[in-house]
Amino acid sequence: MSAATAGVVTVSYGSEGVLDGFFSSLDAASALPLQAVVADNRPEAGAAVRELAERYRVTYLPMTGNLGYGGAMNAAVRSLPANISWVLVSNPDIEIQAGAVDELVRVGESDARIGAVGPLVETDGEIYPSARAIPSLRMGLGHALFANIWPSNPWSRRYHSDNERPPRERDAGWLSGSCLLVRREAFDAVGGFDDRFFMYFEDVDLGYRLAKAGWRNRYAPSAKVMHSGAHSTDEHSAKMVLVHHESAYLFLSSKYRGWYLAPVRLAARIGLSARAFLVTRVFNRRR
């Protein structure tokens, strides 16, 4: 990896409680200095985020408002110098293990067709399934409708079937947006994240569009990161369920276009709405 070829971008929304761990992990993540940017989706309360960024020599980039994950990430990537050819896109509640960025770049540079590389993501001592197949309508609807009432259904089993043990390096349909390295050329070629996805499924959509454009999504468990969890959504879990299902519908309706697929899109809408209703009822009962 040559000098000044890798950058790091993250998004904050009141994330000062986890950013210290993220920023402090960057020094050991690469043998070379990493140019980092934090896009602040909550700039009106961003004094603590700005102070942390200054302490760790990270560029602070306030947004005009809450642009969502994809919109803020796109802005952060655009702010990086043109000579940066690889960009680590990461949640702020990630801690990157020593040498992980260098290892991701090594895997990415092993083939000019690789557009994105994802590390092994560990959460609460478990390996998170961060490299999966692109969901089909049948699998998505089956999982949405039956996951809560019939956990062993065949669609949910297929949805979770990418949990290979031990994990191995392989191609995937999409890589978790919690932490992945993107080739700048590939990211720019497909227009970055689709900012219609305010939250959730922007990573599924990115992997799908990269593959359609001829790029490979490569899972590299030889690089490891630790994910502490979805800190910014904990207080609004029921609302986030609705956002998740709206994003799922947006992805499926974008994938299955054309007037003749209107019944398919309607089925997706009904199935996802039914699951959202069931899950939000569970959340409300717990309150």
Side-chain angles (χ1 to χ4, degrees), residues 6-26 29 34-80 84 86-96 100-101 104 116 118-119 121 123 128 130 174-182 184 187-188 190-207 225-236 239-240 243-244 246-247 250:
V8 177
V9 295
T10 191
V11 173
S12 172
Y13 185 80
S15 306
E16 56 270 16
V18 293
L19 276 169
D20 188 74
F22 176 71
F23 290 155
S24 64
S25 72
L26 294 180
L34 295 170
Q35 192 157 346
V37 176
V38 55
D40 193 352
N41 266 338
R42 198 178 176 185
E44 69 278 6
V49 175
R50 184 192 293 271
E51 289 173 7
L52 279 168
E54 291 174 352
R55 184 191 310 167
Y56 286 99
R57 299 183 301 280
V58 170
T59 300
Y60 176 76
L61 186 67
M63 299 292 96
T64 55
N66 189 357
L67 303 186
Y69 188 79
M73 282 297 188
N74 288 341
V77 173
R78 286 194 299 268
S79 75
L80 288 170
I84 290 181
W86 290 98
V87 183
L88 187 79
V89 174
S90 180
N91 280 8
D93 51 357
I94 289 282
E95 292 189 14
I96 306 163
V101 172
L104 290 172
V121 179
T123 302
Y128 178 75
S130 58
W174 64 279
L175 302 161
S176 172
S178 63
C179 188
L180 77 156
L181 186 81
V182 292
R184 184 96 174 260
F187 189 79
D188 290 346
V190 300
F193 287 112
D194 184 338
D195 57 16
R196 293 180 301 163
F197 295 88
F198 182 80
M199 184 180 290
Y200 304 120
F201 270 81
E202 69 285 319
D203 45 6
V204 182
D205 175 74
L206 178 66
V225 303
M226 308 292 289
H227 190 197
S228 63
H231 75 284
S232 63
T233 63
D234 285 343
E235 296 178 1
H236 311 284
K239 182 180 179 181
M240 289 303 102
V243 173
H244 181 275
E246 283 298 317
S247 294
L250 176 58

- [ ] For Ser79, enumerate each residue passing the side chain to side chain contact (heavy atoms under 4.5 Å, CB included) test, keeping only those at least two apart in sequence or located in another chain.
- [x] Val37, Leu61

Open item on the list: If you compare all heavy atoms of Gly177 against all heavy atoms of Leu180, which two are closest, and at what distance to 0.1 Å?
Closed with: CA-CD2, 3.6 Å

Open item on the list: For Phe187, give me all partners under ring pair (Phe, Tyr, Trp, His ring centres under 6.0 Å), at least two apart in sequence or on another chain.
Closed with: Phe193

Open item on the list: Under the rule for side chain to side chain contact (heavy atoms under 4.5 Å, CB included), what residues qualify as partners of Ala29, not counting sequence neighbours?
Closed with: Leu34, Ile96, Val101

Task: Closest approach of Leu104 to Pro119 (non-hydrogen atoms, all atoms of both residues) - done: CD2-N, 3.9 Å

- [ ] Could you list the residues that satisfy side chain to side chain contact (heavy atoms under 4.5 Å, CB included) with Arg55, not counting sequence neighbours?
- [x] Asp20, Leu52

TODO: State which residues pass side chain to side chain contact (heavy atoms under 4.5 Å, CB included) with Asp203; sequence neighbours excluded, sorted by chain then number.
DONE: Trp174, Ser176

- [ ] Determine the minimum heavy-atom distance between Pro62 and Pro43, stating which atoms define it.
- [x] CB-CB, 3.9 Å

- [ ] Identify the two heavy atoms, one from Met63 and one from Ala72, that lie closest to each other, and give their separation to 0.1 Å.
- [x] SD-CA, 4.0 Å

Task: Note, Thr10 side chain near Leu19 side chain (heavy atom, < 4.5 Å) - done: yes

Task: Closest contact, heavy atoms only, Ser228 versus Val18 - done: OG-CG1, 4.4 Å

Open item on the list: Side chains of Val49 and Ser15, heavy atoms from C-beta outward: is any pair under 4.5 Å?
Closed with: no

Task: Minimum heavy-atom distance Ser90-Phe22, with the two atoms named - done: OG-CE1, 3.4 Å

Task: The single option from Met73, Arg78, Gln35 passing side chain to side chain contact (heavy atoms under 4.5 Å, CB included) against Val9 - done: Met73

Open item on the list: Would the distance check show the side chain of Arg184 and the main-chain N or O of Ile84 forming a donor-acceptor pair, the cut-off being under 3.5 Å?
Closed with: yes

- [ ] Return each pair, listed once, that meets side-chain hydrogen bond (donor to acceptor under 3.5 Å, both in side chains) where at least one residue sits in residues 44-53; pairs must be two or more places apart or across chains.
- [x] none

Task: Sequence neighbours excluded - side-chain hydrogen bond (donor to acceptor under 3.5 Å, both in side chains) pairs with any residue from residues 62-74 - done: Asn41-Asn66, Tyr69-Asn91

